[in-house]
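What you see is a predicted model; the values in this text were computed from it and never measured. First the proteins, then the strands, lettered A, B, ... as listed; each starts at 1.
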2 protein chains.
Amino acid sequence: MTTELLTPAEMADLVGVSVDTLRYYERERLISGVGRADNGHRRYDADDVAWIRVLRCLRDTGMTIDQLRHYCDLGEQGVTTKPERLAMLRDHRAKVEARRAEIDRALELIDHKIDIYLNEAAGDAP
Amino acid sequence: MTTELLTPAEMADLVGVSVDTLRYYERERLISGVGRADNGHRRYDADDVAWIRVLRCLRDTGMTIDQLRHYCDLGEQGVTTKPERLAMLRDHRAKVEARRAEIDRALELIDHKIDIYLNEAAGDAP
DNA sequence: GCTTGACCTGGAGTGCACTCCAGGTTGTTG
DNA sequence: CAACAACCTGGAGTGCACTCCAGGTCAAGC
């Protein structure tokens with residue numbers, strides 16, 4: 001079976017980025033080995049979808065293009081780089097968790113600020 | 001009492017931004033009414049510290065400079081704009097919470113990816 | 001009295017991650 | 001067969017939030 005190859009537009013739609021961004025990622029070597037139809041147009045397979053989803057997840061949580069490129073380069077270099085890739089993921093995970101803690105603190109401050117507005121409305125001080 | 005006025009460098013240090021950023025915020029009207037020493041140098045008071053902390057909290061959680069300026073403009077316009085300011089905070093709060101949810105989902109995916117690395121190491125499939 | 005460092009102003013420059021454009025090919029549709 | 005949409009490439013442009021710079025003032029220390 002031909003397992004559902006996607007056009008650029010379909011992929012863009014599916015993962016929530018623009019077609020331009022998809023091409024940009026490829027230029028930056030964050031995506032490689034994308035297949036082509038007879039007419040030279042890109043065709044993405046299930047593996048591409050899975051990887052681009054991970055890629056977006058990492059990008060969305062602040063991993064830079066440079067870091068992602070490094071991660072990809074390691075992947076290309078084969079199995080011996082697994083420990084380093086794992087380390088990158090763990091390192092990033094720690095950053096994301098720190099970020100979440102920051103967000104939790106921010107939410108508290110925002111709630112506090114909202115409370116002040118509500119209390120002012122009740123007492124109506126100058 | 002003179003209640004501890006801070007120099008730009010001290011303020012920058014305290015809230016974790018650069019002196020340049022502090023001036024940039026002032027140019028963008030995100031900070032106003034900053035006092036001056038006799039020599040024309042800025043002197044920040046406790047209110048400034050409190051506001052800049054809130055400002056940083058909002059910026060750190062993705063509120064744009066434009067939005068912050070609007071929020072400040074509303075503040076300058078007086079008490080009648082309180083409902084709108086409150087609405088802005090609530091709106092932002094919702095976005096931050098959505099962001100946290102996104103981060104939680106990302107953490108799950110990253111953990112899943114890490115698990116795959118660990119399991120591959122155990123079984124060592126091609 | 002001269003250097004040093006923190007500050008001042010207005011304006012220019014930077015880095016990142018896209019995003020858009022020109023100029024061209026292909027393939028379907030009325 | 002004309003027009004339209006979706007794709008291709010290489011390269012230029014954009015927006016945001018800073019960040020840096022030139023040229024100058026002022027106070028304290030050596």
Problem - For atom CG of B/D38 and atom P of D/dA28, their distance in whole Å - result: 12 Å

Handout entry: Under-4.0 Å side-chain N/O to phosphate OP1/OP2 contact, A/T21 with C/dA17
Key = no

Exercise for the section: Determine the minimum heavy-atom distance between B/T61 and A/R99, stating which atoms define it. Expected result: CA-NH2, 4.1 Å

Problem - Distance, rounded to the nearest Å, where B/L30 contributes CG and D/dC16 contributes C1' - result: 13 Å

Problem - Ion pair A/E108/A/R105, N-O distance below 4.0 Å - result: no

Exercise for the section: Return the value, rounded to whole Å, for the distance between atom CD of B/E10 and atom P of C/dC7. Expected result: 8 Å

Exercise for the section: Using a strict cut-off of less than 4.0 Å between a Lys/Arg side-chain nitrogen and an Asp/Glu carboxylate oxygen, indicate whether B/R42 and B/E26 qualify as a salt bridge. Expected result: yes

Completion exercise
Closest of D/dA17, C/dC7, C/dC18 to the A/R56 side chain is C/dC18

Exercise for the section: Round to a whole Å and report the spacing from OH of A/Y25 to C1' of C/dT19. Expected result: 12 Å

Fill in the blank from the handout: Rounded to whole Å, the CG-C1' distance (B/L22 to D/dC18) equals 13 Å

Completion exercise
Whole-Å distance, B/D66 CG to D/dG15 C1', equals 11 Å

Practice task
Round to the nearest Å and state the distance from A/L58 atom CG to C/dC16 atom P.
Solution key: 18 Å

Practice task
Output all residues satisfying salt bridge (charged side-chain N to carboxylate O under 4.0 Å, His left out) with B/D13, sequence neighbours left out; order by chain, then residue number.
Solution key: none

Exercise for the section: Can you see which heavy atom on A/D48 is nearest to which on A/V34, and at what distance? Expected result: OD2-CA, 4.4 Å

Practice task
Ignoring backbone atoms, test whether A/T7 places a side-chain nitrogen or oxygen under 4.0 Å from the OP1 or OP2 oxygen of D/dC7.
Solution key: yes

Exercise for the section: Check every atom of D/dC18, C/dA17, D/dC7 against the side chain of B/Y24 and return the nucleotide holding the closest atom. Expected result: D/dC18

Practice task
Could you list the residues that satisfy salt bridge (charged side-chain N to carboxylate O under 4.0 Å, His left out) with A/D66, not counting sequence neighbours?
Solution key: A/R69

Exercise for the section: For C/dC18, take OP1 and OP2 only and decide whether either is under 4.0 Å from a side-chain N or O of A/S18. Expected result: no

Exercise for the section: Summarise protein proximity over nucleotides 8-13 of chain C in one line of letters, 5' to 3': B for base, S for sugar-phosphate only, - for none, counting protein heavy atoms closer than 4.0 Å. Expected result: SBBB--

Exercise for the section: State, to 0.1 Å, how close B/S18 and B/A12 come at their nearest heavy-atom pair, and which atoms those are. Expected result: C-CB, 4.0 Å

Handout entry: d(CZ, B/R69; C1', D/dG15) in whole Å
Key = 14 Å

